[in-house]
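Report on the following structure.
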Amino acid sequence: MKRFFDISCSSIGLIILLPLFTVVAILIKLDSQGPVFFRQQRIGKNFRPFRIYKFRTMTTDAPEKGPQITVGGDMRVTRIGRILRKFKIDELPQLINVLKGDMSLVGPRPEVEKYVELYEEDYKQILQIRPGITDISSITYRDEEGVLMGRKDPEAYYRHVLLPEKIRLAREYIDRASFFYDLLLIFRTVHRIFYPSFTIQQQSARSNTKKKT
């Protein structure tokens, strides 16, 4: 059922989003030199490598100028790239990966090989299922770039703090995985994109209410 849902939604999504893809492609080409799509090798189900698709949001020489992670204020990100990343539009081409069977709509986010090797024992469990476009960690760490910004060594922080937490959340997803839980995570992902500060505001309001009482 999950695979049928993935194929149906990714097919319909790609058709509906075709006009948006066309506009984004034009804007990317007008903004900077280089291809429209960014492709990078990630590790998928059963440790099978695949090429993930994203809209290019960085300069073409980005890999030579910095790490594989992106920190808030990264000068490698293009002007249009900042907008695409803010609203997660750069992730939409991963619907192609879903249609191909590399990924699912919901599942643990796929990592590059060097990070998978670092926690290989953990990934033996996680990579029993297809990685996904969104999961619990995608919602929790929507502003990952902001979390890494200002760290003395962002990559070390990612490897030793952020990645272990993502692994924990990936295991939590596997334990709770179901069709309706996937629907809930998709809804929360969309809500988080358009209302990124809702939770913070809600918590602040609750805090102020407690102080008054």
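No hydrogens, no waters, no symmetry mates; every other heavy atom, side chains included, goes into these values.
Relative ring orientation between Phe55 and Phe37 is described as parallel, the plane-to-plane angle staying below 30° on a 0-90° scale split at 30° and 60°.
A salt bridge links Arg48 with Asp102: the distance from a Lys NZ or Arg NE/NH1/NH2 to an Asp or Glu carboxylate oxygen falls below 4.0 Å. Under a 4.0 Å N-O distance rule, the pair Lys86/Glu145 does not qualify as a salt bridge.
Atom OG of Ser10 is separated from atom CG of Leu92 by 12.5 Å, given to the nearest 0.5 angstrom. Interatomic distance, OG of Ser178 versus CG of Leu183, reported as 8.5 Å (0.5 Å rounding).
Partners of Asp153 under the salt bridge (Lys or Arg N to Asp or Glu O under 4.0 Å) rule, at least two apart in sequence or in another chain, do not exist in this structure. Scanning for side-chain hydrogen bond (donor to acceptor under 3.5 Å, both in side chains) contacts around Lys124 gives Glu121, with sequence neighbours left out. By the side-chain hydrogen bond (donor to acceptor under 3.5 Å, both in side chains) test, Gln40 is found to be paired with Arg42, residues two or more places apart in sequence or in another chain being considered. Considering only residues two or more places apart in sequence or on other chains, Glu165 meets the salt bridge (Lys or Arg N to Asp or Glu O under 4.0 Å) condition with Arg168. Applying the side-chain hydrogen bond (donor to acceptor under 3.5 Å, both in side chains) test to Asp122 and every residue at least two apart in sequence or in another chain returns Arg171. In this structure Lys152 satisfies the salt bridge (Lys or Arg N to Asp or Glu O under 4.0 Å) test with no other residue, sequence neighbours excluded. Here Arg51 pairs with nothing under the side-chain hydrogen bond (donor to acceptor under 3.5 Å, both in side chains) rule; sequence neighbours left out. Partners of Lys54 under the salt bridge (Lys or Arg N to Asp or Glu O under 4.0 Å) rule, at least two apart in sequence or in another chain, are Glu91. Every residue two or more places apart in sequence or in another chain that forms a side-chain contact (heavy atoms from CB on, under 4.5 Å) with Ser8 is listed here: Phe4.
Counting heavy-atom neighbours within 6.0 Å of Glu64 CD, excluding the residue itself, gives a total above 12. At most 12 non-hydrogen atoms from other residues, nucleotides or ligands lie less than 6.0 angstrom from CZ of Arg188. Counted within 6.0 Å of CZ on Arg39, heavy atoms from surrounding residues, nucleotides or ligands total 12 or fewer; the atom is thus considered open.
Considering only heavy atoms from C-beta on, Asp74 comes within 4.5 Å of Met58 through its side chain.
Listed by first and then second residue, the ring pair (Phe, Tyr, Trp, His ring centres under 6.0 Å) pairs that reach into residues 126-145 come to none, sequence neighbours excluded. Residue pairs satisfying the salt bridge (charged side-chain N to carboxylate O under 4.0 Å, His left out) criterion with at least one member in residues 174-185, sequence neighbours excluded, are listed as follows: Lys2-Asp182, Glu172-Arg176.
Side-chain atoms of Ser104 and Asp6 form a donor-acceptor pair, as typed in the model, at a separation below 3.5 Å. Using modelled atom types, one finds no donor on one side chain facing an acceptor on the other under 3.5 Å when comparing Arg79 with Ser32. A donor atom on one side chain and an acceptor atom on the other are found under 3.5 Å apart for Arg85 and Thr70.
Scanning all heavy atoms of the two residues, the minimum distance from Asp61 to Lys65 falls at OD2-CE, 2.9 Å. Closest non-hydrogen pair, Arg109 versus Asp135, comes out as N-OD2, 3.5 Å.
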For residues 20-29, which side-chain donor-acceptor pairs fall under 3.5 Å, sequence neighbours excluded?
{"residue": "Thr22", "atom": "OG1", "partner": "Leu18", "partner atom": "O", "Å": "2.9"}
{"residue": "Lys29", "atom": "NZ", "partner": "Gly34", "partner atom": "O", "Å": "2.8"}

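Taking the ring axis of Tyr157 as reference, the NZ or CZ atom of Arg151 stays within 45° of it and closer than 6.0 Å to the ring centre.
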